[in-house]
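Structure record follows, encoded as structure tokens.
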Amino acid sequence: MRKLAAGNWKMNGLTPALDELEALSKSHANAGVGVLVCPPATLIAPAKARISDAIALGGQDCHAEASGAHTGDISAQMLKDAGADYVILGHSERREDHGETDEDVRVKAKTALAAGLTVIICVGETLEERDAANTLDIIGGQLAGSIPDNVTGHTLVVAYEPIWAIGTGKIPSLNEIGEVHDFIRSRLERRFGAGVGRSTPLLYGGSVKPGNAAEIFGVSNVDGALVGGASLSAADFGPIIDALAES
Ligand code: PGA
């Protein structure tokens, strides 16, 4: 099982922020687990020039089509060309801000796979859905709709991000995280077979910090994290990577 610590900078980061990435690259070139940073697209190419190959780079979204008349959009091939090996797709902020549906995410994922990127498909419930005991139904529907058929255990990562835990400092109980991750694993095994199902890294995301990372990584079927705010500084992201390596 590949363990992966992934940082999602969202719409944060100007050129000076590359100093943080360079610091992380120096301190964690031999982390013993996969380390991925998804900066804004404008920083992928300059980041690539400044960091060790041990730190992978990713985009935060891509267009569903390979190229064409889509002013302002970024294609999967452009991300790859700039130095990315991964792309986050279906983050709840994309689903909310841009009305992306499961089908949109699935089509984008197919395009990204064709461009040679590994896709990180995000799923997660709202607080209302959790309170109504609908979490597993929602996650099951998102998995079925958002993941294309032609993934392999090397080209798919799934991130479980409860929407109410993102940027709020709140996280589900460890039992709740384990329940969802076990469910995602079983759904992947059922649909893709044991090989892909067992080798797909499952990341937890939502308010992962240095102080809670170790306990989260102790939960069954948690193979890493998708980290927002705490990935912006090497001083916070570094200890999260270390906690994963020790788990
Ligand atoms: P957060 O964001 O770590 O700031 O809660 C996580 C995410 O949205 O990927």
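Only this structure's heavy atoms are used, side chains among them; waters, hydrogens and symmetry mates stay out. Every number for a ligand or one of its atoms is a count from 1 in the order of the listing.
Every atom of ligand 1 with a heavy atom of Ser207 under 4.0 Å away is listed here by number and element: 1 (P), 3 (O), 5 (O). Those atoms of ligand 1 that come under 4.0 Å of a heavy atom in Gly229, given as number and element, are 1 (P), 3 (O), 4 (O). Heavy-atom proximity to His91, at under 4.0 Å, picks out these atoms of ligand 1: 7 (C), 8 (O), 9 (O). The contact set between ligand 1 and Asn8, taken as ligand atoms under 4.0 Å from a residue heavy atom, comprises 9 (O).
Here the protein heavy atom with the shortest distance to atom 3 (O) of ligand 1 is Gly228 N, 2.8 Å.
Using a cut-off of 4.0 Å between Lys/Arg side-chain N and Asp/Glu carboxylate O, Lys3 and Asp223 are scored as not salt-bridged. Using a 4.0 Å cut-off between charged side-chain N and carboxylate O, Asp149 and Lys110 make no salt bridge.
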field: Chi angles and distances behind the side-chain hydrogen bond (donor to acceptor under 3.5 Å, both in side chains) call for Ser146, Arg95
entry: CA-CA 11 Å; Ser146 304; Arg95 292 178 186 263; 3.1 Å; yes

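Heavy-atom separations between Ala230 and ligand 1 are all 4.0 Å or longer.
Looking only at distances, a side-chain donor or acceptor of His63 sits under 3.5 Å from a matching main-chain atom of Glu65.
Considering both main-chain and side-chain atoms, Glu93 never comes within under 3.5 Å of ligand 1 through any nitrogen or oxygen pair. Among the atoms of Glu161, some N or O lies under 3.5 angstrom from an N or O of ligand 1.
Under 4.0 Å from ligand 1, heavy atoms of Ile166 appear from its side chain as well as its backbone.
With contacts defined as side-chain heavy-atom distances shorter than 4.5 Å, the pair Thr200/Phe192 does not qualify.
Glu125 and Trp164 form a side-chain donor-acceptor contact under 3.5 Å, judged by distance and modelled atom types alone. Between the side chains of Glu161 and His91, a donor-acceptor pair is found at a separation under 3.5 Å.
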